[in-house]
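I have placed the structure first, in the form of structure tokens, so that the comments after it can refer back to it.
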Amino acid sequence: MGRLAARLYDRQLSLERPALRAALALARPEPRDHLLDVATGTGALLRELATRSERPARAVGIDASDAMLARVGGLPRGWTLRRADASALPFADQSFDLVTAVYLLHTLDPVTRATVSAELRRVVREGGRVVTVTVATPRPRLRRLMSRVPRRHGLCPLDPSRELEGLVVREARYVRRGYPSLCLRAERPAR
Ligand SMILES: C[S@@+](CC[C@H](N)C(=O)[O-])C[C@H]1O[C@@H](n2cnc3c(N)ncnc32)[C@H](O)[C@@H]1O
């Protein structure tokens, strides 16, 4: 995203907030967690979490766009930002306890999505959690309408449950306020 899009991005954050909060409720973050927020954008999830007592001591936000990262602002000590591609995360296998990907997967084409999903699984530790938020609705008529919107507008609905290979979906919650969304908590099973 360019600088103008990044500047305008935060104006729609109130529409994301209900799902962000639902995602954090599913994620159940703890101070001992090492968190990775993939495609952090302007840091909506990190900023929400930063205000909470249960926030992880260590967190990393990555995004492909410098312009988005530039707008994140101050973060707690121990939290960092990095420009990186979600398709090739610059982290060792099983580096994180909790990996979040908020409003990313439904914006990607199926091939990229499969690569990114594999990366989410690779970098989360066994027994760790992956939490995703996508635009989605359980209402078939609304889903049909939204499916007609070109993917680049970010409103093309997606339930990624069956695409999270190697992860087991433990909880799913539809959120109707703000953007109609689906929050999933999946776990990487221990071998
Ligand atoms: C709709 S925004 C969501 C941002 C943030 N998670 C939020 O909820 O506000 C999508 C973000 O994904 C980032 N993005 C898209 N493709 C990416 C990729 N392959 N690797 C890393 N970031 C990517 C974009 O730069 C953008 O910041």
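Predicted model only: the values in this text are computed from it and were never measured. Both counts, for ligands and for their atoms, begin at 1 and track the order of listing.
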Hey, is D33 close enough to R129 for a salt bridge, meaning N to O under 4.0 Å? yes

For A84, counting its heavy atoms only, list the atoms of ligand 1 lying under 4.0 Å from any of them. 20 (N), 21 (C)

Any donor-acceptor N or O pair under 3.5 Å, side chains D10, T42: yes

Is it the case that ligand 1 has an N or O less than 3.5 angstrom from some N or O of A86? yes

Nearest non-hydrogen atom to atom 24 (C) of ligand 1 belongs to which of T100, T115, D66, D63? D63

Kindly identify the option in L46, L105, D85 whose heavy atom sits closest to atom 19 (N) of ligand 1. D85

Going by the 4.0 angstrom heavy-atom rule, the piece of A101 near ligand 1 is neither

Lys/Arg N to Asp/Glu carboxylate O, R125 vs D97, below 4.0 Å: yes

Contact between G43 and ligand 1, counting heavy atoms under 4.0 Å? no

Before you tell me yes or no, could you show the steps for S161 and V169 under side-chain contact (heavy atoms from CB on, under 4.5 Å), namely the whole-Å CA-CA distance, both residues' side-chain angles and the distance that decides it to 0.1 Å? CA-CA 7 Å; S161 313; V169 175; 4.3 Å; yes

Taking N or O atoms only and a 3.5 Å limit, does Y9 qualify as a polar contact for ligand 1? yes

Indicate, as side chain, backbone, both or neither, the part of L20 found under 4.0 angstrom from ligand 1 when only non-hydrogen atoms are considered. neither

Could you check atom 10 (C) of ligand 1 against the protein and tell me its nearest heavy-atom contact, residue, atom and distance included? Y103 O, 3.7 Å

Atom 23 (C) of ligand 1: which protein heavy atom is closest, and how many Å away? A64 CB, 3.8 Å

Applying a 4.0 Å heavy-atom criterion (strictly less than), which segment of A44 is in contact with ligand 1: side chain, backbone, both, or neither? side chain

For ligand 1, which atoms, with element, lie under 4.0 Å from some heavy atom of S65? 25 (O)

Q94 and R188: CA distance, side-chain angles, deciding distance, side-chain contact (heavy atoms from CB on, under 4.5 Å) verdict: CA-CA 10 Å; Q94 303 203 47; R188 176 171 171 171; 3.7 Å; yes

Under the 6.0 Å and 45° cation-pi test, does R82 pair with F91? yes

Under a 4.0 angstrom heavy-atom cut-off, which atoms of ligand 1 come close to M68? 27 (O)

So between A19, A39, A23, whose heavy atom ends up nearest atom 6 (N) of ligand 1? A39

Checking E187 side chain against V168 main chain: does a donor-acceptor pair fall under 3.5 Å? no

What class does the angle between the rings of Y179 and Y103 fall in, given that below 30° is parallel, 30 to 60° is tilted and above 60° is perpendicular? perpendicular

Check each atom of ligand 1 against the heavy atoms of L104 and keep those under 4.0 Å away; list them by number with element. 12 (O), 14 (N), 15 (C), 16 (N)

Note: ligand 1 atoms sitting under 4.0 Å from heavy atoms of E16 are 7 (C), 8 (O), 9 (O)

E171 and R28 ion-paired at < 4.0 Å: yes

Are L45 and I62 grouped together when hydrophobic residues (ILVMFWY) are joined by side-chain heavy atoms under 4.5 angstrom apart? no

Pairs of nitrogen or oxygen atoms closer than 3.5 Å, one from L13 and one from ligand 1: do any exist? no

One thing to verify: whether E126 and R191 come together as a salt bridge, which I'm taking to mean a side-chain N less than 4.0 angstrom from a carboxylate O. yes

